[in-house]
Every structure is written in structure tokens, then in C-alpha cells.
Amino acid sequence: MPQVERIDDYRWRIPRQGGMRTEGLIFADEQLMRDLEGDQAVQQVANVAHLPGIVGPAIAMPDIHWGYGFPIGGVAAFDEAEGVVSPGGVGYDINCGVRLLATPLTLGEARPRLRQLVDALYATIPSGLGASRSDVRLARGDLDQVLRLGARWAVEQGYGDPADLEAIEGNGTLPDADPDCVSDRAKERGKSQLGTVGSGNHFVEVGYVAERHDERVADRLGLGPATVTVFIHSGSRGLGYQVCDDHLDLMLRAAAKYGIALPDKQLCCAPLGSPEGKRYWGAMNAAANYAFANRQLMAHYARRALGTVFGEDTARRTRLVYDVCHNIAKHETHEVSGARTRLCVHRKGATRAFPPGHPELAPQFRDIGQPVLIPGDMGRYSYVLVGTAGAFTETFGSSCHGAGRRLSRHKAKQLARPRNIPMELEAQGILIRAATRATVDEEMPEAYKDVARVVDVVDRAGIGKKVAQLKPVAVVKG
DNA sequence: ATGTAC
């Protein structure tokens with residue numbers, strides 16, 4: 001366990017020690033930090049600081065927890081000439097992310113038909129592990145187009161509104177995608193899973209605006225008082241998993257080949273300019289586009305379900321608020337020691353949080369900043385924030401991504417076994433539909449930290465600004 | 001997260 005020093009109420013430093021090339025910076029309040037004592041995740045932050053070409057500190061958000069190599073809730077930026085790209089710094093679920101829809105309904109209007117809505121969502125959107133096949137039949141060559149075009153492919157096929165694209169990080173298409181870098185096996189796994197939720201912490205959730213912290217920005221985002229929302233959390237499914245797995249071995253060999261010392265083999269990586277690094281880059285972006293298309297299809301299905309229950313007008317007036325990646329690496333321009341510098345920013349369990357005025361934001365977000373979507377657990381609440389200048393200067397334009405686990409899946413299942421979690425949720429006014437009991441038990445609200453505390457750290461440290469709190473009323477889990 | 005090991 002490395003040494004940790006308190007900087008202020010919300011910041012902690014891991015000073016350079018051993019082979020660290022830079023220091024670590026953890027955002028947390030005293031209680032969150034206490035919970036981290038003895039946690040492997042703190043060591044993982046220090047490990048990331050060993051990698052060549054790292055610029056600024058190895059950063060951890062208040063929802064940090066143990067992950068493959070890099071911690072989940074981590075941000076690491078690398079110099080384009082000297083730095084590396086690492087699959088462990090992106091995560092197995094490439095472009096895991098969330099998207100939020102705002103319906104024209106208020107909770108009062110939706111309440112009488114919520115049971116119908118959750119049943120319609122469960123019937124319309126395939127969920128669960130493996131066999132969850134979608135009804136999208138990809139013709140020969142279509143998958144490559146999905147990998148190249150992402151959400152734009154889906155919109156061109158009639159899934160959703162062209163206006164949706166402006167409300168997606170990077171407009172839903174990452175340009176460096178190269179389908180030729182994606183293995184046949186990954187493509188095979190991806191063919192039948194487009195438009196499916198998946199399992200674990202992935203979900204489709206109906207909620208409502210319970211609190212508005214910034215009314216002006218909430219209004220601009222279509223989040224009026226009691227507005228009913230649909231929150232979608234999913235990623236690149238088996239395809240992204242396979243892309244990550246395919247490259248771990250290659251990266252381990254590349255690290256040896258280029259003389260990169262690894263404090264942990266799971267940090268395996270390759271120089272950004274190397275053939276190995278470029279190959280992963282093309283594949284990672286392709287998988288990210290698959291995830292964008294996946295969420296675009298699910299949003300289409302969610303609108304279809306809303307249409308079935310509340311009428312076509314409701315479906316048509318349901319707008320995409322925003323869609324963010326929280327497992328991705330990107331080339332971005334940041335200011336380093338007063339100079340504009342191109343960096344490769346890895347965000348693993350961290351959300352981009354660009355400030356007002358950033359040129360990459362679509363016009364409708366220029367003056368308010370980028371929406372930052374933070375799901376909590378299925379029993380309490382989630383948050384919408386916007387990016388800030390503070391995030392841009394201090395965390396390479398990044399914020400947290402969720403509540404963060406406090407119980408292992410195994411521990412949560414043990415705790416849930418004698419109880420009936422769906423019934424407990426229903427008693428709180430939250431309907432749940434899930435493929436298996438195991439998933440619900442693992443995902444019980446107590447398995448997560450209080451996301452309000454996580455978001456408060458982000459807000460008070462100035463690396464994000466609270467806009468609205470959403471409370472769940474119906475959840476579909478895998 | 002993940003056809004929880006080809």
C-alpha cells in the first residue's frame with residue numbers, strides 16, 4: 001500500500017515513490033478515503049504512474065475501485081510521442097457508457113401505466129447474458145459498417161432521429177475505427193448482440209427528475225420537474241470483450257519488445273505509434289462504435305415501448321439528452337504547463353466532462369457544458385451533471401462515472417440470499433424485471449456506495465456541476 | 001464487464 005497524503009477536503013496525493021514517474025491524485029472525501037484503506041485500487045493508481053509518457057498525475061475519481069490493471073474510476077493521460085495505449089486502461093467493456101432519454105411525460109401521467117411500460121421494455125429489449133439475441137439481422141458487410149459508423153449507422157438504418165447524433169459524445173462515430181483490426185471471433189460474437197443490454201450492472205431504467213440543482217441547465221436539457229426519463233447503461237457486449245482479450249497477449253509481448261517495465265502484467269501496453277498500439281487503437285475505436293450503435297438501437301426500442309404504452313406521440317417527442325462513454329481512450333488537446341498539447345487520455349470508469357465553450361461540443365451544449373451522466377444504484381438515485389473549467393484544468397476534462405461498488409458480487413449475493421430484493425424494491429415503488437435472480441442480488445442497492453456522496457465530491461472539488469437528481473421507478477436488468 | 005476456461 002503506497003503512502004497517501006491529504007491535500008484538502010477532497011484531494012489526496014500519492015507522492016512519487018519507487019518507480020513512479022509522476023504522483024497519484026485521488027478525489028475523495030474523508031469517509032470515501034477511509035473505505036479505500038487497504039484497497040488494491042490505491043496501489044493500482046500508483047502502478048499506473050509507472051507507465052512511460054504519462055503526463056500529469058495518475059488520477060482516481062471518488063468512485064474508484066479495483067479493476068483489471070488500472071483502477072475503475074481512473075484517468076491517465078499520455079504524451080503522443082512518448083506514451084502508451086493500454087487495454088487495461090480502457091477496460092474489457094470498450095465504450096461501456098450511458099445514455100439518457102427525456103420523455104414528454106411527468107411521473108403523475110406515467111404512474112398508472114408503469115407496469116405495462118416495464119413489461120414492454122423487458123419484452124422489447126433483449127437482456128441477459130449470452131443468448132440474448134437481438135432481432136437485428138446484419139447482412140453481409142453490415143457489421144463492418146456498424147464498426148465504422150457507430151450510432152450513425154443505426155440512424156441511417158432508421159433507428160432513431162438524426163438529431164440524436166448531436167447529443168452523443170463524438171456524435172456517436174469515432175473516426176479511427178478499423179474493422180480489419182477486429183478479429184473474426186470478435187465479429188462473430190458481435191453479430192447477434194446488437195441492440196441488447198447485457199448483464200451485470202447494465203440496465204434500462206425508467207426514472208423521473210426528483211430534484212433540480214441547476215434549474216436553468218436542467219430546463220435546457222429537457223429535465224423539467226418530475227419529467228420521466230429512460231436511462232440506458234450498456235457497452236460493446238461480447239465484441240468489445242473479445243477485442244480486449246485478443247490484444248492483452250499482443251500488448252504483453254509488445255511491452256517486452258519495447259522495453260517497458262510493468263509493475264503489474266495487467267498494465268500491458270504498447271507505444272502509441274507502434275504497430276501493436278495502432279492495431280489496438282483501430283480495434284478499440286471499432287468496438288466503441290459498436291457500443292454507440294448498440295445504445296442507439298436500445299433507445300429506438302425504448303421509444304417503441306413508450307409508443308406501445310403511451311402512444312406514438314410520446315415516442316416521437318422523447319428526446320436524447322446525451323450519451324457518454326465511460327470506458328475509452330481518446331486523443332485530445334489539453335494545456336500542459338501553459339502549452340497546448342495533444343494527449344491520449346484513458347478514461348476507465350470515468351466520464352468526459354468538457355466545459356462550456358469547448359469546441360468539440362455540439363452547439364446546444366456550448367454555453368452550458370457537456371452533460372455528464374452518473375448512474376447510481378437501482379434503489380436510490382442517479383445524477384446529471386455538466387462539465388466544468390475545473391475538470392478541464394485538473395482532470396483532463398474528466399469526472400466520475402457512477403457509485404462504485406462497496407460489496408463484492410459474492411458478498412452481495414450472500415447478503416441478498418435470505419431476502420427478496422425485487423419485493424423490497426417494489427415496496428419502495430420500484431418495479432424490476434430481470435432474466436435471473438443472481439443479477440438482481442449482485443446489484444442490490446447496498447452493494448454500491450451512495451452516489452450522492454461521490455457526486456458531491458465531484459461538485460465541491462469543481463470537476464463537475466450538479467444539474468439534476470433522478471429517482472428510479474422501473475428497472476430492466478440483464 | 002464476459003458464451004464467468006477452447
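The chains referred to below are lettered A, B, ... by the order of the sequence lines, with proteins before strands, and numbering in each begins at 1.
Within 4.0 Å (heavy atoms only), S236(A) reaches no atom of the nucleic acid at all. Counting any heavy atom pair closer than 4.0 Å across all strands shown, G235(A) reaches no nucleic acid atom.
Taking atom OH of Y92(A) as the reference point, atom C1' of dT2(B) lies 9 Å away to the nearest angstrom. If you measure from atom NZ of K477(A) to atom P of dT2(B), you get 11 Å, rounded to the nearest angstrom. What separates CD of E443(A) from C1' of dT2(B) is a distance of 14 Å, to the nearest Å. Taking atom CG of residue D249(A) and atom P of nucleotide dA5(B), one finds them 16 Å apart after rounding to whole Å. The interatomic distance linking R185(A) (CZ) with dC6(B) (P) rounds to 6 Å, in whole Å. If you take CG of L248(A) and P of dA5(B), they are 15 Å apart, rounded to a whole angstrom. Whole-Å rounding puts the E442(A) CD to dT2(B) P distance at 12 Å. For R237(A) and dT4(B), the CZ to P distance is 12 Å, given to the nearest whole Å.
The cationic group of R304(A) does not satisfy the cation-pi geometry with Y301(A), failing either the under 6.0 Å distance to the six-membered ring centre or the 45° limit from the ring axis.
Partners of H346(A) according to the ring pair (Phe, Tyr, Trp, His ring centres under 6.0 Å) rule, which considers only residues two or more places apart in sequence or in another chain, are F78(A).
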Please table the atom pairs, donor to acceptor, closer than 3.5 Å between any side-chain atom in residues 468-478 of chain A and protein atoms at least two apart or in another chain.
residue	atom	partner	partner atom	Å
Q469(A)	NE2	Y383(A)	OH	3.1
K477(A)	NZ	G200(A)	O	3.2
K477(A)	NZ	E443(A)	OE1	3.3

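The residue among H202(A) and D245(A) whose nearest nucleotide of DNA chain B lies closer to the 5′ end is H202(A).
Separating the OG atom in S399(A) from the CD1 atom in I463(A) is a distance of 5.0 Å, to the nearest 0.5 Å.
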